[in-house]
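Structure first, commentary second.
By convention in this document, chain letters (A, B, ...) are assigned in the order of the sequence lines, proteins followed by strands, and residues within each chain are numbered from 1.
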Amino acid sequence: MSSATAPQRVLAPFGRRAARIIERRVYGAYVVLRCADPDGPRPAAGQFYMLATAGWGGGEGERPFLPRAFSVLRVPAGHGLEFLIEDVGPGTHRLCELQPGEDLLLVGPLGIGFAPPSEARRPLLVGGGVGIAPLAIWQDELGGAPALLGFRDAPRAEGARLLADARVATDDGSVGHHGLVTDLVREELDRDGHAVVYACGPPAMLEAVRALCSARATPAQLALESGMACGFGACFGCVVPTRRGYVRLCVDGPVLDSAELETALVAGAGH
Amino acid sequence: MSSATAPQRVLAPFGRRAARIIERRVYGAYVVLRCADPDGPRPAAGQFYMLATAGWGGGEGERPFLPRAFSVLRVPAGHGLEFLIEDVGPGTHRLCELQPGEDLLLVGPLGIGFAPPSEARRPLLVGGGVGIAPLAIWQDELGGAPALLGFRDAPRAEGARLLADARVATDDGSVGHHGLVTDLVREELDRDGHAVVYACGPPAMLEAVRALCSARATPAQLALESGMACGFGACFGCVVPTRRGYVRLCVDGPVLDSAELETALVAGAGH
Amino acid sequence: MRTELCGIELAHPIINASGTFDAIAARRVFGDALLERFPFAAYISKTVTLAPREGNPPPRLWETPAGLINSIGLPNKGLARYLAEDLPQLAELPVPLIVNVMGFTGEEVAELVGAFSEREEVAALELNVSCPNVETGLVMGADPGETAALLHRVRPITDKPLIVKLTPNATDVVAVARAAQDAGASAVSLINTIRGMALDPRSGRPWLGGTTGGVSGPAVRAVALAQVHAVAAALDIPTVAMGGVQRGSHALDLIRAGAAVVAVGTESFRDPAAGARISDELAALAANSGNSLTEKPLNC
Amino acid sequence: MRTELCGIELAHPIINASGTFDAIAARRVFGDALLERFPFAAYISKTVTLAPREGNPPPRLWETPAGLINSIGLPNKGLARYLAEDLPQLAELPVPLIVNVMGFTGEEVAELVGAFSEREEVAALELNVSCPNVETGLVMGADPGETAALLHRVRPITDKPLIVKLTPNATDVVAVARAAQDAGASAVSLINTIRGMALDPRSGRPWLGGTTGGVSGPAVRAVALAQVHAVAAALDIPTVAMGGVQRGSHALDLIRAGAAVVAVGTESFRDPAAGARISDELAALAANSGNSLTEKPLNC
Ligand SMILES: Cc1cc2nc3c(=O)[nH]c(=O)nc-3n(C[C@H](O)[C@H](O)[C@H](O)COP(=O)(O)OP(=O)(O)OC[C@H]3O[C@@H](n4cnc5c(N)ncnc54)[C@H](O)[C@@H]3O)c2cc1C
Ligand SMILES: Cc1cc2nc3c(=O)[nH]c(=O)nc-3n(C[C@H](O)[C@H](O)[C@H](O)COP(=O)(O)OP(=O)(O)OC[C@H]3O[C@@H](n4cnc5c(N)ncnc54)[C@H](O)[C@@H]3O)c2cc1C
Ligand SMILES: Cc1cc2nc3c(=O)[nH]c(=O)nc-3n(C[C@H](O)[C@H](O)[C@H](O)COP(=O)(O)O)c2cc1C
Ligand SMILES: Cc1cc2nc3c(=O)[nH]c(=O)nc-3n(C[C@H](O)[C@H](O)[C@H](O)COP(=O)(O)O)c2cc1C
Ligand code: FES
Ligand code: FES
């Protein structure tokens, strides 16, 4: 796995650049945008980009104004970048409307990605909703790893098609296990606790995963979310509380070691 | 000419309504949008509408924010409305991008239109640039009238196709008379001054027409422009100076009797 | 959604902001449909002064990102003609009438208040001490002492509710609001426009005939919410809140911040019936969120 | 487009606004490309205080129409660690360094000024008397007397230029600016953010951990232009102007209104290299309009 030695922070070209959209796919409630990024480096799994479009603004309530943060979903063979987007407000709405031939305006890759599994622990991927995005590229990098994925309903559960070897849970039981993905995580860890967990999803799910893992002394890396204005450490707006005080999630995260956190419930994150 | 008895102010339905665009035509530098307006009345020639679109905003410098004023170009046989638009800034740019199937958001008809020719004077239509718009519907209403039209260049001169019986002047001489349309007006009035002039165009042209007509005691009705925020008398922002003081162009105009004006040079109008 | 302001019954909490809706002109444009579907629960007039005013030279408008700068300069026909010509027409409106007045001296304000106080078409008076386009307005409303002095001068003249319209262009808006309350104001209203300016892209000279103007619209909404929140928390008299309201959710924010009534200004320029839409949206939100609009606002 | 500010040579008139560009973090993200294409003609630090500060609890950001409300709360490592850890790294930047400081007493400000005064990496100091997130900042910068007293206290301590950053949340910004000039300020900078607020759509409680915050971005541009125009006309010392600058034309407006230098803040969040683009656009405009940027601004 050459990738296991991949750097966790790949430097971003300075400034914002245009990336032409070359493909748009729909997975139930989600949109996947593939763009060409000839001037950009290959990002590390878990890193993210700040995205905007031409004519940003003019949506609900004269927004969006600031760019929005998105994990890289996958780096297609060859080049380019893929993003997974759920329409939850004016920014994501505008992005979901984009068609091939239009440009994304992006800055990135940003932040620190996942660290390779230490010791001989097996990687276990845990995702919820759009939080599955960084797990897809990480699964590629790792050359495979089992994934436990939770979704609200069937349209969202279609996102599971983006990963291999996935067990699914849905809140409404329409697909897979009827309940929370953390039920599956508990099951897995009880079966074999010698794992390292890579998790990304809504705050409540991350907090449940953190608690489960710390109770079992299972190492876990959590990809968090918080409201961001800049994505490169300029505004100090994205801080989350850790045992060493507030850290800027955009430069010291978004992936944090669960041991650093007293809680994964970040104020103002999630929808 | 039933139309000669048409009211100059047709009341507008209260509030803003959506009007589906059913046709988009390009005349050189201009775009003509035809929309269906089943809930709207037939406007009087010279009246205007305040236009916007969904997702207004997000253009150059986070504008447009307010709706924009447009004279009705023509009321196609049957129903619906046509507008003539030149892209000069964020609002007109957005409108020029609109395609059939999308909605215009409009308020109108607004303002006071042209008054029928008094006495036995012959109507003479004088237009410059997008100022030809209200003359087209007026020519229809009058059942015909000669038109003298001035444009900056050949792409704009294509607008002349929107009127019948038109003589054209261009600033660059690429089409018709090389010079100002007012040269043609002077010629016409010298030939036969027993006319009533209906003019719409840039401030400098209107002022030249006003001066020519007042020198000859030829009655003239001028459709002016000024920056507008509301279009229905609410903001007091669109005033122009007249012999009876400032008047709100949106409710007491846009058509004013040239006798009321000391000058047609309106501060802040034109591009 | 029935509510009341200083004893005035209102069918819903949405009214217009002074100077942003001319009901007489609107009736010429929209006819009696305006009266049948009048968008506001009360009608506030544009500012009336003692002497007629032409207002500022054009241009008077400049569009900003999500906002508008205006330098209208309070054009109006003056008290005498207003009483004779406009008041009778405004009395035909299906809602209570509030007249906004402004004077350049306490004496002038007193004369205006006295005159309208006698007219029973008038439900209340709003004192404009805050129009940023007129020097004195800025001074009076920016200083607690000036504001108190004005209220002491005019409060005894009328039994009608006196609403003091505060300027946002002040270091301590709460202090001015307190002074107004202590001197007998029945309510306060805020925010007026924020001082702003634009240059002509071509000449580089000031675009507006009045050189500077006042900013309104969505661009000022967050500033309005902060000032309303601070003032409402400090006062016992009701607050009429305004500034960039475009939707029911914006009105709900202001009510949650402590406002009794919400006024819509610039948004009416985009849609003359905006007030009715906002009132409907607010009612729907209140229903859903089970939020009683009369419940004491969260004091945070 | 070479220019100067208080004797500091600048390659062009565009610098960053304090607290909107962390050059150390940006170098971690963009590497040395940042130094090769540094977007600003001078670098102003985020506000440094005597003691370390954690800053306000999150959430710290709220997007508004064409703007942003922040309640960051001036997090910083405090003077001692700033001198030891950050200053050496900032000295590697290819442009002059201006340090922005803030104290809760004149004594604290004096200590900060004194400490940086000894470091020759530091070209000038900016005094933040205007941060709306910290009570004292609001008070000091809103009152001419307070501002004068502060300057009298710290002016004698250093020969380096002292730039006083004014708050827009004041009744009479010009009076404060005059007081600063008369008490020995080398320049003034404005505007800081305008006090604003947002509520959580779900709970109806204040969204920001700091309850209120400061509004920046295009929404405040017209307000900034009006204040810069008034202050620059009244002062003889140079003005550093900022507030919603996104394009060269916005910078040109501020220069025409009398600014010597223009700072870019929130726009850098949308594009880290915005400063360079704006400087290029400004140069092109100046060339076309034959407008010498050093010519005495139109005084209108
Ligand atoms: C590192 C990182 C990676 C991410 N990866 C992905 C991804 O791969 N796919 C994906 O779909 N999403 C991802 N997100 C989340 C995504 O950035 C947000 O969904 C997006 O910013 C929402 O913007 P919006 O305009 O659509 O919605 P908004 O209107 O911004 O609303 C989204 C949430 O923001 C808050 N909010 C609401 N109004 C405002 C306001 N005015 N100002 C500030 N906050 C407000 C509320 O909590 C709301 O629920 C990621 C976020 C981070 C930080
Ligand atoms: C009664 C009437 C009828 C009209 N009929 C037509 C018509 O039939 N066809 C047509 O094409 N046009 C017509 N116009 C003109 C049209 O309304 C304007 O061209 C339009 O408003 C321009 O908007 P914009 O956003 O595209 O350009 P803007 O950016 O608004 O620029 C247009 C002009 O407005 C001024 N301006 C620039 N920036 C600003 C700003 N921030 N705030 C305020 N003013 C600014 C400048 O003078 C500029 O040249 C009519 C105008 C009126 C009043
Ligand atoms: C064009 C215009 C004219 C105004 N005229 C007045 C006025 O005459 N008297 C007054 O007290 N306020 C006046 N205002 C201020 C508004 O009443 C209101 O306080 C301000 O616009 C903020 O509300 P908004 O953002 O909803 O417009 C005016 C505002 C605008 C935009
Ligand atoms: C996130 C953020 C943090 C800021 N931090 C500071 C600060 O630490 N010190 C300071 O003097 N100004 C600070 N400011 C104010 C800016 O320096 C500037 O005055 C203001 O943002 C207006 O400029 P803009 O509209 O271009 O952003 C901050 C602004 C923002 C948006
Ligand atoms: S988003 Fe600006 S510092 Fe993290
Ligand atoms: S455009 Fe508002 S009054 Fe005429």
Side-chain angles (χ1 to χ4, degrees), chain A residues 9-17 41 47 50-52 56-68 89-91 105-112 226-241 244-252 265-271, chain D residues 16 19-39 46 52-76 200 202 207-209 213 216-219 265-266 268-277:
Chain A
R9 185 199 297 279
V10 173
L11 294 184
F14 182 56
R16 187 170 71 171
R17 60 192 185 273
Q47 285 192 294
M50 296 299 284
L51 301 185
W56 205 231
E60 161 85 10
E62 310 295 322
R63 301 172 48 225
F65 164 62
L66 296 161
R68 303 296 196 244
L105 300 176
L106 57 80
V107 177
L110 301 166
I112 308 179
S226 72
M228 294 185 174
C230 71
F232 61 97
C235 74
F236 283 81
C238 63
V239 296
V240 299
R244 55 182 160 119
Y246 290 132
V247 301
R248 283 170 290 180
L249 198 68
C250 68
V251 281
D252 299 321
L265 293 172
V266 174
H271 325 308
Chain D
N16 67 297
T20 65
F21 199 96
D22 180 338
I24 294 172
R27 197 169 172 186
R28 285 169 64 199
V29 173
F30 302 111
D32 288 345
L34 175 70
L35 306 189
E36 288 143 27
R37 297 174 40 213
F38 199 72
K46 184 164 177 65
R53 290 172 55 88
E54 275 249 291
N56 291 335
R60 292 177 170 184
L61 302 170
W62 181 261
E63 185 179 72
T64 65
L68 168 68
I69 318 178
N70 81 85
S71 83
I72 307 299
L74 305 178
N76 77 101
D200 183 329
R202 273 156 253 136
W207 170 266
L208 298 167
S216 64
T266 302
S268 293
F269 301 161
R270 290 163 33 116
D271 177 359
R277 173 181 51 79

Which of D:Gly209, D:Ala33, D:Pro57, D:Ala274 touches chain A most, by non-hydrogen pairs under 4.5 Å:
D:Pro57
Sort out for me which of D:Trp207, D:Phe269, D:Phe21 touches chain A most, counting heavy-atom pairs under 4.5 Å.
D:Phe269
Interatomic distance, A:Arg68 atom CZ to D:Glu63 atom CD [nearest 0.5 angstrom]:
4.0 Å
Contact summary for A:Arg248 and D:Ala25, nearest pair of heavy atoms
NH1-CB, 3.7 Å
Atom pair CZ/CD1 of D:Arg28 and A:Ile112 - distance to nearest 0.5 Å:
6.0 Å
Rounded to the nearest 0.5 Å, how far does CG of D:Asp32 lie from CG of A:Leu11?
9.0 Å
Tell me the closest heavy-atom pair linking D:Pro58 and A:Ala267, and the distance in Å.
O-CB, 3.6 Å
Greatest number of non-hydrogen atom pairs under 4.5 angstrom with chain D, of A:Pro67, A:Gly108, A:Ala234, falls to A:Ala234
Just so I know, are the side chains of D:Asn70 and A:Cys235 near enough to count as touching, which here means a heavy-atom distance under 4.5 Å?
no
Taking every heavy-atom pair that is under 4.5 Å apart, which of D:Ala273, D:Gly31, D:Pro272 has the most such pairs with chain A?
D:Pro272
Atom of A:Gly15, atom of D:Phe30 and distance for their closest heavy-atom approach
N-CE2, 4.3 Å
How close do A:Trp56 and D:Arg270 get, counting heavy atoms only, and between which atoms?
CD1-NH1, 4.5 Å
Toward chain D, the part of A:Val239 with a non-hydrogen atom under 4.5 Å
both
Output the option from D:Asn16, D:Leu208, D:Asp200, D:Leu61 having the highest count of non-hydrogen pairs under 4.5 Å with chain A.
D:Leu61
For A:Leu66, is it the side chain, the backbone, both or neither that has a heavy atom under 4.5 Å from a heavy atom of chain D?
both
Any idea which of A:Gly233, A:Ala12, A:Ser226 has the most non-hydrogen atom pairs under 4.5 angstrom with chain D?
A:Ala12
Walk me through it: do D:Asn76 and A:Phe236 pass the test side chain to side chain contact (heavy atoms under 4.5 Å, CB included)?
CA-CA 10 Å; D:Asn76 77 101; A:Phe236 283 81; over 6 Å; no
SG of A:Cys230 to CG of D:Asp271, rounded to nearest 0.5 Å, is 12.0 Å
A:Val251 and its side chain to side chain contact (heavy atoms under 4.5 Å, CB included) partner, picked from D:Ile24, D:Asp22, D:Val29:
D:Val29
Contact part of A:Arg17 toward chain D, heavy-atom cut-off under 4.5 Å: side chain, backbone, both or neither?
neither
Minimum-distance pair of heavy atoms, taken over all atoms of A:Ala229 and D:Leu68
CB-CD2, 4.4 Å
